[in-house]
Amino acid sequence: MKTYAGIPEENASLENSKVVLVTVPYDGTSTWGKGADKGPELFLDASENMELYDIETGTEPYLEGVYLAGEVSENSTPEAMTEAVYQKTKELLATDKLFTLFGGEHSVSIGSIRAVGEKFENLTVLQLDAHTDLRPDFHGSTSNHACAVFEANQKHNLVQVGIRSMDVEEVQYLPEGRVFFAHEIANNENWVNDVLEKVSGNVYITIDLDAFDPSIAPSTGTPEPGGLQWYPTLELLRKVFEKCNVVAFDIVELMDSAYSKPSAFLAAKLYYKMLAYYHINRD
């Protein structure tokens, strides 16, 4: 039996786990770097080669259990994929465990955010990303990766962090007062607290790995210069978990390439750190 990070089977059963993890190896609409469909496999491989003691929190998050809930493999159309992710998310939310997802390109988040938003009222969607992803549709589909948070912005409190690339069409859809552009973050020592002021209540965190600077996460579909750094990002996430009720999170856009290992290991550590922050605020 394959388990998350190679943890013992006793920590990987649905019954004994406080966390469920679904993978969505989908890369149907990306337009430049291809290979995000290999992201979940790379992430799981890296996780197996990671030390499971978290120094910062002094905890071993895996002891709280992580259940590998399978993958969503539907890829006939973007819309069919979105519906399949939506249904899988609804199924797993019924277990009342922390829902986590690893993609795949960012379009995989549309269905999961939709399902989470139906269960939890007053939802804030915290998006860490290089791109706004606010197009209503792109290349004939509302389930394109360029539309990843358009629906979330219409229905929920969307907060965007690390943005440094967008189309002029998207300006009209920017959530007013809740966009933290990368060039502004670079000149604002208080940016973490400024973000926290906009994030409250039930929170879904969606992290496109291209939010990070390509110097530390080069293997993404569209690596944009000027991105977030490791420790300030962890500070933000830690404080979000302290302040809010994080009900779900996803990580997307890890791409297969000749340089994938550093990015895959960053993704693995990021996921595990988020589990650590989640559990220490639940105990």
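Residues: numbered from 1 along the sequence shown. All values reported here derive from a predicted model rather than from experimental measurement.
Within the 4.5 Å cutoff, the side chain of Glu169 has no heavy atoms near those of the Leu134 side chain. Side-chain atoms of Asp133 and Phe150, non-hydrogen and from C-beta on, never get closer than 4.5 Å to each other. Looking at Val22 and Glu71, their side chains never come closer than 4.5 Å, going by heavy atoms from C-beta outward. Counting heavy atoms from C-beta on, the side chains of Trp191 and Val161 come closer than 4.5 Å. The shortest side-chain heavy-atom distance between Thr89 and Val116 falls under the 4.5 Å cut-off. Put simply, the side chain of Phe241 reaches to within 4.5 Å of the side chain of Ile205, judged on heavy atoms. Between Asn11 and Val66, the closest side-chain pair of non-hydrogen atoms is not below 4.5 Å. In this structure, Leu270 and Tyr272 have side chains that are not in contact, with every pair of non-hydrogen atoms separated by 4.5 Å or more.
Evaluation of the side-chain hydrogen bond (donor to acceptor under 3.5 Å, both in side chains) rule for Ser263 yields no partner, not counting sequence neighbours.
Between Phe138 and Cys147, the shortest heavy-atom distance links the atoms N-SG, 3.7 Å. In terms of heavy atoms, Lys97 sits closest to Val19 at CB-N, 4.4 Å. Listed here is the closest heavy atom pair of Val199 and Cys244: O-SG, 3.6 Å. Scanning all heavy atoms of the two residues, the minimum distance from Val125 to Thr206 falls at CG1-CG2, 4.1 Å. Between Leu275 and Pro61, the shortest heavy-atom distance links the atoms CB-CB, 4.0 Å. Considering all non-hydrogen atoms of both residues, Thr82 and Ser143 come closest at OG1-OG, 2.9 Å.
Between the OG1 atom of Thr124 and the CG atom of Leu158 there is a distance of 9.0 Å, given to the nearest 0.5 Å. Between the CZ atom of Phe265 and the CE atom of Met50 there is a distance of 7.0 Å, given to the nearest 0.5 Å. Remark: Thr59 OG1 to Leu52 CG distance equals 10.5 Å, nearest 0.5 Å. With rounding to the nearest 0.5 angstrom, the CZ atom of Arg238 is 13.5 Å from the CE atom of Met274. Rounding to the nearest 0.5 angstrom, the gap separating the CD1 atom in Ile251 from the CD1 atom in Ile207 is 5.0 Å. The CD1 atom of Ile185 lies 9.0 Å from the CD1 atom of Ile163; values are rounded to the nearest 0.5 Å.
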**Message:** Applying side chain to side chain contact (heavy atoms under 4.5 Å, CB included) to Leu234 and Lys273, what does each step give before you reach the verdict?
**Reply:** CA-CA 8 Å; Leu234 290 186; Lys273 293 294 287 187; 3.9 Å; yes

**Request:** Could you check Leu101 against Val108 for side chain to side chain contact (heavy atoms under 4.5 Å, CB included), going step by step and ending with a plain yes or no?
**Result:** CA-CA 9 Å; Leu101 179 153; Val108 304; 3.7 Å; yes

**Verdict with reasoning, Val195 to Leu126, per side chain to side chain contact (heavy atoms under 4.5 Å, CB included)** = CA-CA 9 Å; Val195 173; Leu126 174 60; 4.2 Å; yes

**Request:** Would you please test Tyr204 and Leu123 for side chain to side chain contact (heavy atoms under 4.5 Å, CB included) and show each step?
**Result:** CA-CA 7 Å; Tyr204 183 114; Leu123 185 70; 4.3 Å; yes

**Request:** Before giving the answer on side-chain hydrogen bond (donor to acceptor under 3.5 Å, both in side chains), spell out for His106 and Asp129 the whole-Å C-alpha distance, their side-chain angles and the decisive distance to 0.1 Å.
**Result:** CA-CA 10 Å; His106 209 166; Asp129 204 323; 3.1 Å; yes

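For Tyr271 and Phe43, the ring centers are positioned less than 6.0 Å apart.
By the rule that hydrophobic residues join a cluster once side-chain heavy atoms approach within less than 4.5 Å of another member, Ile110 and Val247 end up as members of separate clusters. When hydrophobic clusters are built by joining Ile, Leu, Val, Met, Phe, Trp and Tyr residues whose side-chain heavy atoms come closer than 4.5 Å, directly or via intermediates, Leu237 is grouped together with Ile216. Under a hydrophobic-cluster definition in which Ile, Leu, Val, Met, Phe, Trp and Tyr are linked whenever side-chain heavy atoms come within less than 4.5 Å, directly or via other members, Val72 and Ile113 are assigned to the same cluster. Both Leu209 and Tyr231 belong to a common hydrophobic cluster when Ile, Leu, Val, Met, Phe, Trp and Tyr are linked at side-chain heavy-atom distances under 4.5 angstrom. Hydrophobic clustering of Ile, Leu, Val, Met, Phe, Trp and Tyr side chains at less than 4.5 Å, counting indirect connections, keeps Phe102 apart from Tyr86.
Between the Lys243 side chain and the Leu196 main chain, a donor and an acceptor come within less than 3.5 Å of each other. At distances below 3.5 Å, not a single donor-acceptor pair connects side-chain atoms of Asn16 with backbone N or O atoms of Ala12. At least one donor-acceptor pair under 3.5 Å links the side chain of Glu170 to the backbone N or O of Asp167. At distances below 3.5 Å, not a single donor-acceptor pair connects side-chain atoms of Ser17 with backbone N or O atoms of Leu14. Looking at Lys88, its side chain never comes within 3.5 Å of a backbone N or O of Val24 through a donor-acceptor pair. Listed for the Arg178 side chain is no donor-acceptor partner under 3.5 Å among the backbone atoms of Gln160. The backbone N or O of Phe99 sits nowhere less than 3.5 Å from a side-chain atom of Asp250 that would complete a donor-acceptor pair. Put simply, the side chain of Arg164 gets close to the backbone of Gly162: a donor and an acceptor are under 3.5 Å apart. Formation of a donor-acceptor pair under 3.5 Å by the Thr100 side chain with backbone atoms of Val20 is found in this model. Using a distance-only test at 3.5 Å, with no hydrogens or angles considered, no donor-acceptor pair links the side chain of Tyr173 to the main chain of Thr132.
Between Arg282 and Glu64 no salt bridge is recorded (no basic side-chain N to carboxylate O distance below 4.0 Å). With salt bridges taken as basic N to acidic carboxylate O contacts below 4.0 Å, none links Arg114 and Glu118.
The side-chain hydrogen bond (donor to acceptor under 3.5 Å, both in side chains) contacts involving residues 40-49 comprise Lys2-Glu48, where partners must be two or more places apart or lie in separate chains. Within the structure, no pair that satisfies the salt bridge (Lys or Arg N to Asp or Glu O under 4.0 Å) test touches residues 207-222, not counting sequence neighbours.
Heavy-atom neighbours of Gln172 CD from other residues, nucleotides or ligands within 6.0 Å: above the threshold of 12. For Tyr53, the OH atom sits in a packed shell: over 12 heavy atoms of surrounding residues, nucleotides or ligands are nearer than 6.0 Å.
Between the side chains of Tyr277 and Glu56, at least one donor N or O sits under 3.5 Å from an acceptor N or O. A donor-acceptor contact closer than 3.5 angstrom links the side chains of Ser107 and Glu105. When only modelled atom types and interatomic distance are considered, Glu253 and Thr220 share no side-chain donor-acceptor pair under 3.5 Å. At a cut-off of 3.5 Å, with distance as the only test, a side-chain donor of Glu74 or Ser76 sits close to an acceptor on the other residue. Side chains of Glu91 and Gln87: a donor-acceptor N/O pair is absent below 3.5 angstrom, by distance only. For the residue pair Glu79 / Ser141, a side-chain donor-acceptor distance below 3.5 Å is found, with atom types taken as modelled. Using modelled atom types, one finds a donor on one side chain and an acceptor on the other under 3.5 Å when comparing Asp194 with Asn188.
Under the 30°/60° scheme for interplanar angles, the aromatic rings of Phe212 and Trp230 are found to be tilted.
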